[in-house]
Amino acid sequence: MRADLGVSDHSGWAVLNALGGDPAAPELILRRRLQLIDERLPRQVYHAVAEQGRPRSLIPEVLESAQRESEREFAGVVGELGAAGYETTRIAIAGKPEPPPALERILASHALLHGAEGQLYRDVLAEAGSSAGLEVTRFIGRELGVVASIAIGLAAASIESHIREVGEAVGARWAADQKRAG
């Protein structure tokens, strides 16, 4: 059996869902919160540098920690799913890749700080997925149905309906993050 992963990031952590079974009506087989950075480091490194006077050398340190933790998390998930009889081959990551502006521009704009934080984690997740041997797809959240329909070969409306059904079965803890990671 095959399992596909979906991830939605936050600063320093992410929501992961694994879907498996029939591609026409996949089942939610795993939900997990991933820790993407060592707890001793600031989750919002650009904010820490720009607003708290932390050294710029902290940025590559956070990036390295996020890469290491993401790879560790993915190895654990793929291993756990493998032990349950699933082959994990793909991961979809919510958030379109965008080249970041120059560091000086990021540090001078609060809005760009937020964008850079998110992009840092999405880029790390994509790299960690590739390192784990997974086919990586990145998408804008509102395009989930279209992206999934191309990957699976079903109508987008059918997929979006199925995601709602999975959410109803899970209950109150199925928020926007879980939908995007679905």
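Values below: all heavy atoms of this structure, side chains included; hydrogens, waters and symmetry mates excluded.
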### Message
Looking at every non-hydrogen atom in both residues, tell me the closest pair between L113 and Y46 and how far apart they are.
### Response
CD2-O, 3.6 Å
### Neighbour count >12 (heavy atoms, 6.0 Å) for atom CD, E64
no
### Message
If I take atom CZ from residue R43 and atom CG from residue L120, how far apart are they, to the nearest 0.5 angstrom?
### Response
13.0 Å
Distance-only donor-acceptor pairs under 3.5 Å for side chains of residues 125-135, two or more places apart:
residue : atom : partner : partner atom : Å
S130    : OG   : A126    : O            : 3.4
S131    : OG   : E127    : O            : 3.1

### Query
How close do P60 and R56 get, heavy atom to heavy atom, and via which atoms?
CD-O, 3.4 Å
### Task
Evaluate the side-chain proximity of R40 to S65: yes if any heavy-atom separation is below 4.5 Å, no if none is.
no
### Message
Any heavy-atom pair between the side chains of V49 and L107 that's under 4.5 Å?
### Response
yes
### Task
Check the pair F74, L16 against side chain to side chain contact (heavy atoms under 4.5 Å, CB included), reporting the backbone distance first and the verdict last.
CA-CA 10 Å; F74 285 163; L16 176 136; 4.0 Å; yes
### Query
Backbone N or O of A66 within a donor-acceptor pair of the S70 side chain at under 3.5 Å?
yes
### Side chain proximity check, T89 to D4, heavy atoms < 4.5 angstrom
yes
### Gap separating the CD1 atom of I106 from the CG atom of L103, nearest 0.5 angstrom
5.5 Å
### Message
Testing V136, V77, N17, L19 one by one against L5 for a side chain to side chain contact (heavy atoms under 4.5 Å, CB included), which residue passes?
### Response
V77
### Task
Find out whether L63 and Y121 are in side-chain contact, i.e. whether some heavy atom of one side chain is under 4.5 Å from a heavy atom of the other.
no
### Task
Let me see the working for I91 and T137 under side chain to side chain contact (heavy atoms under 4.5 Å, CB included), right down to the final yes or no.
CA-CA 6 Å; I91 185 168; T137 300; over 6 Å; no
### Message
So, taking the atom named CD1 in I37 and the one named CZ in R68, what distance separates them when rounded to the nearest 0.5 Å?
### Response
9.5 Å
### Message
In the structure I gave you, are the side-chain heavy atoms of I29 and L81 within less than 4.5 Å of one another anywhere?
### Response
yes
### Query
For the side chain of E73 and the backbone of Q35, is there at least one donor-acceptor N/O pair under 3.5 Å apart?
yes
### Message
With a 4.5 Å cut-off on side-chain heavy-atom distances among I, L, V, M, F, W and Y, is there a chain of contacts connecting L112 to I59?
### Response
no
### Message
Between H47 and E117, do the side chains contain a donor N or O and an acceptor N or O under 3.5 Å apart?
### Response
yes
### Query
Between the side chains of H110 and E51, does any donor sit under 3.5 Å from an acceptor?
yes
### Task
Given side chain to side chain contact (heavy atoms under 4.5 Å, CB included), test Y86 with L30 step by step and report yes or no.
CA-CA 11 Å; Y86 290 94; L30 179 75; over 6 Å; no
### Query
How far apart are the closest heavy atoms of L58 and P42, and which atoms are they?
CD2-CG, 3.5 Å
### Query
Step by step, would you call R32 with E80 a side chain to side chain contact (heavy atoms under 4.5 Å, CB included)?
CA-CA 12 Å; R32 178 153 305 153; E80 183 177 336; 2.6 Å; yes
### Query
To the nearest 0.5 Å, how far apart are CD in Q52 and CD in Q44?
9.0 Å
### Message
Does R72 have more than 12 heavy atoms from other residues, nucleotides or ligands lying within 6.0 Å of its CZ?
### Response
yes
### Message
Check this for me: does any side-chain nitrogen of one of R138 and E98 sit under 4.0 Å from a carboxylate oxygen of the other?
### Response
no
